[in-house]
Number of protein chains: 2
Amino acid sequence: MKQFTKYIIKNSLKRIFLYRACLSRLKLMGVEKVFSYTLANETGVTSEQVRKDFSEFGIKGNKKGGYNTNELLEVMENIFHRNKEHNIILIGMGNLGIALSKHSQFIQRNMNIVATFDIDPFKQKVRSDIPVYSLSRLKEIIDRFKVKVAILAVPEISAQEVTDELVRLGIKGIVNFAPVLLKVPQDVIINNVNLCNELESVIYYVHQQIKADGSKNLELLYKGMKY
Amino acid sequence: MKQFTKYIIKNSLKRIFLYRACLSRLKLMGVEKVFSYTLANETGVTSEQVRKDFSEFGIKGNKKGGYNTNELLEVMENIFHRNKEHNIILIGMGNLGIALSKHSQFIQRNMNIVATFDIDPFKQKVRSDIPVYSLSRLKEIIDRFKVKVAILAVPEISAQEVTDELVRLGIKGIVNFAPVLLKVPQDVIINNVNLCNELESVIYYVHQQIKADGSKNLELLYKGMKY
DNA sequence: GAAATGATGTGAAACAATTCACAAAATACA
DNA sequence: TGTATTTTGTGAATTGTTTCACATCATTTC
Ligand SMILES: NC(=O)c1ccc[n+]([C@@H]2O[C@H](COP(=O)([O-])OP(=O)(O)OC[C@H]3O[C@@H](n4cnc5c(N)ncnc54)[C@H](O)[C@@H]3O)[C@@H](O)[C@H]2O)c1
Ligand SMILES: NC(=O)c1ccc[n+]([C@@H]2O[C@H](COP(=O)([O-])OP(=O)(O)OC[C@H]3O[C@@H](n4cnc5c(N)ncnc54)[C@H](O)[C@@H]3O)[C@@H](O)[C@H]2O)c1
């Protein structure tokens, strides 16, 4: 039986990020028209792949005319809901948390860290433009700013307990920097960013003496390689 | 014709990281014997997948007896060359660079940041245990410590030029935090870590109202999901 | 305005990854 | 000792993804 659900594939979504990065650059350079093979060359995928990905997201181009850079970028912004403002909170204002709170790109991309939280009263003194609160104010802020996504930069040991509280208060997505596999209900999305693992991946591939077959971006090397 | 090359698949490598995280925890809890379905439950994959992944990396268990936690962990450490010391350098001691340089887990995992570099003489004053050098000393340090892997935390605008220099001096793998697609020779591995993208992925999936089908870890949601 | 060209878009084919199904082996237990 | 049970390990089947091949159409050229 034919299903009525449609599937969006993670890999294609990942590639959309690549295309967008490439398009942003081309736009800055004043390029108005872009072809599938341009994006393909720049990102290390094939041009068929680019077009298949586009078709997956319903993106149409002009026969012989390629794609309009601005339109394409706009479609991609919409895919990632960048037309809307997103209120984010950040838990844990330690080394990493402070760096993240100062990262200007989040704001440029409509992702506003509306507040940060730390258990340590000392850290709660303002150390950046963004206020640092005690965890007791979590509910208030989440409700007020309708926050759905949180960044978690607390020590491994506290990560699960903080997560439980966030989920209880209605958070639906977490970018987690602590090296633990968090347990959450089915409807909550966890994106683990483990910087040690990222480094170890590179070490792994460097050791395997990868002669990458076309692309050199690790995120695209999912197909496998000789060793 | 049968090929003599063997392929290691990126997805399975990614899952090995998950299994390892899980095993570390089980080890701390004093668990000596682990079954494929234990790891499967904990990580959200199927037990067949666990065994297939293991067979890919040549890991053998005991029929009915499962796997020995310690042995399994050891094999995984070897996969990631954690028995060897790895000398790493870090370029760009701004907000992110400082946070990374203070991250203790790198050392715990045999990845030593032997030196950091910054173009700004002010930043070159010691701000952590690790020395901060001018870029003029790159060659000396890379040669002395036989550095093959670098962490790049410089602004977008300088990322490519610094990369060119690193590659020229023999660096073979880069973890890149700048939101640009770096151009490097075929034999150099780039692992782009784009924290904005990681956040946007979460926003994307939260918006799609994902009811994740088994696993809630974004890195495993490559298979696709209903919306 | 007809022919050549150059790009998209997409079924079909090829390839890759996962799941299924079950044999084989180790252990437990009667 | 033999039978039941449990878990691994892996071919086969299925499912998913990428590449191929080419029809199609817009544009340029003659
Ligand atoms: N520093 C890095 O570059 C880096 C890199 C990769 C991963 N990480 C991970 O990110 C996390 C944070 O790292 P860090 O270096 O910033 O550590 P850190 O110790 O400097 O900061 C942790 C902060 O969390 C706060 N905190 C502790 N328990 C809390 C709780 N229950 N609720 C709210 N806040 C709490 C602490 O007061 C502290 O300010 C860790 O899990 C670490 O493993 C850090
Ligand atoms: N801060 C974050 O949390 C964060 C998050 C995601 C991505 N990033 C990315 O990481 C990079 C660094 O971010 P940041 O916030 O630390 O920026 P930053 O401006 O605080 O730090 C950049 C550092 O690089 C140094 N630098 C500049 N040009 C250099 C060169 N040619 N050689 C060596 N050093 C040079 C500067 O002196 C500065 O110390 C940026 O590309 C940023 O987009 C940062």
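Below, read A as the first sequence line, B as the second, and so on, with proteins coming before strands; counting in each chain starts at 1. All heavy atoms count here, side chains included; hydrogens, waters and symmetry mates do not.
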With a non-hydrogen cut-off below 4.0 angstrom, is [X] in contact with a base, only sugar-phosphate, or nothing?
{"X": "A:Gly65", "value": "nothing"}
{"X": "B:Phe54", "value": "nothing"}
{"X": "B:Ser47", "value": "nothing"}
{"X": "A:Lys60", "value": "sugar-phosphate"}

Starting the side chain at C-beta, find the nucleotide from [options] nearest to [X].
{"X": "B:Lys52", "options": "D:dA12, D:dG9, C:dG9", "result": "D:dA12"}
{"X": "A:Lys63", "options": "C:dT8, D:dG9, D:dT5", "result": "C:dT8"}
{"X": "B:Lys64", "options": "C:dT10, D:dT5, D:dT10", "result": "D:dT5"}
{"X": "B:Glu48", "options": "D:dT28, D:dT7, C:dC20", "result": "C:dC20"}
{"X": "B:Ser36", "options": "C:dT10, D:dT8, C:dT19", "result": "D:dT8"}

So, OP1 or OP2 of [N]: does either fall under 4.0 Å of a side-chain N or O from [X]?
{"X": "A:Arg15", "N": "D:dT17", "result": "no"}
{"X": "B:Thr46", "N": "C:dT19", "result": "yes"}
{"X": "B:Gln49", "N": "C:dT19", "result": "yes"}

Starting from [atom2] on [N], measure out to [atom1] on [X] and report it in whole angstrom.
{"X": "B:Asn11", "N": "C:dT19", "atom1": "CG", "atom2": "C1'", "result": "15 Å"}
{"X": "A:Arg51", "N": "C:dG6", "atom1": "CZ", "atom2": "C1'", "result": "11 Å"}
{"X": "B:Asn68", "N": "C:dA26", "atom1": "CG", "atom2": "C1'", "result": "16 Å"}
{"X": "A:Tyr67", "N": "C:dG6", "atom1": "OH", "atom2": "C1'", "result": "13 Å"}
{"X": "A:Lys14", "N": "D:dG16", "atom1": "NZ", "atom2": "P", "result": "19 Å"}
{"X": "A:Phe35", "N": "D:dA26", "atom1": "CZ", "atom2": "P", "result": "16 Å"}
{"X": "A:Phe57", "N": "D:dT17", "atom1": "CZ", "atom2": "P", "result": "12 Å"}
{"X": "B:Asn62", "N": "D:dT5", "atom1": "CG", "atom2": "C1'", "result": "17 Å"}

Within the side chain of B:His81, is there an N or O that forms a donor-acceptor pair under 3.5 Å with the backbone of B:His86?
->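 No, B:His81 side chain to B:His86 backbone: no donor-acceptor pair under 3.5 Å.
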
So, A:Asn78 versus A:Glu74: side-chain donor-acceptor pair below 3.5 Å or not?
-> no

On DNA chain D, nearest-nucleotide positions of B:Tyr37 versus A:Asp53: which is more 5'?
-> B:Tyr37

Do B:Ile171 and B:Val147 have side chains that get closer than 4.5 Å, going by heavy atoms?
->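 Yes, close enough: below the 4.5 Å cut-off.
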
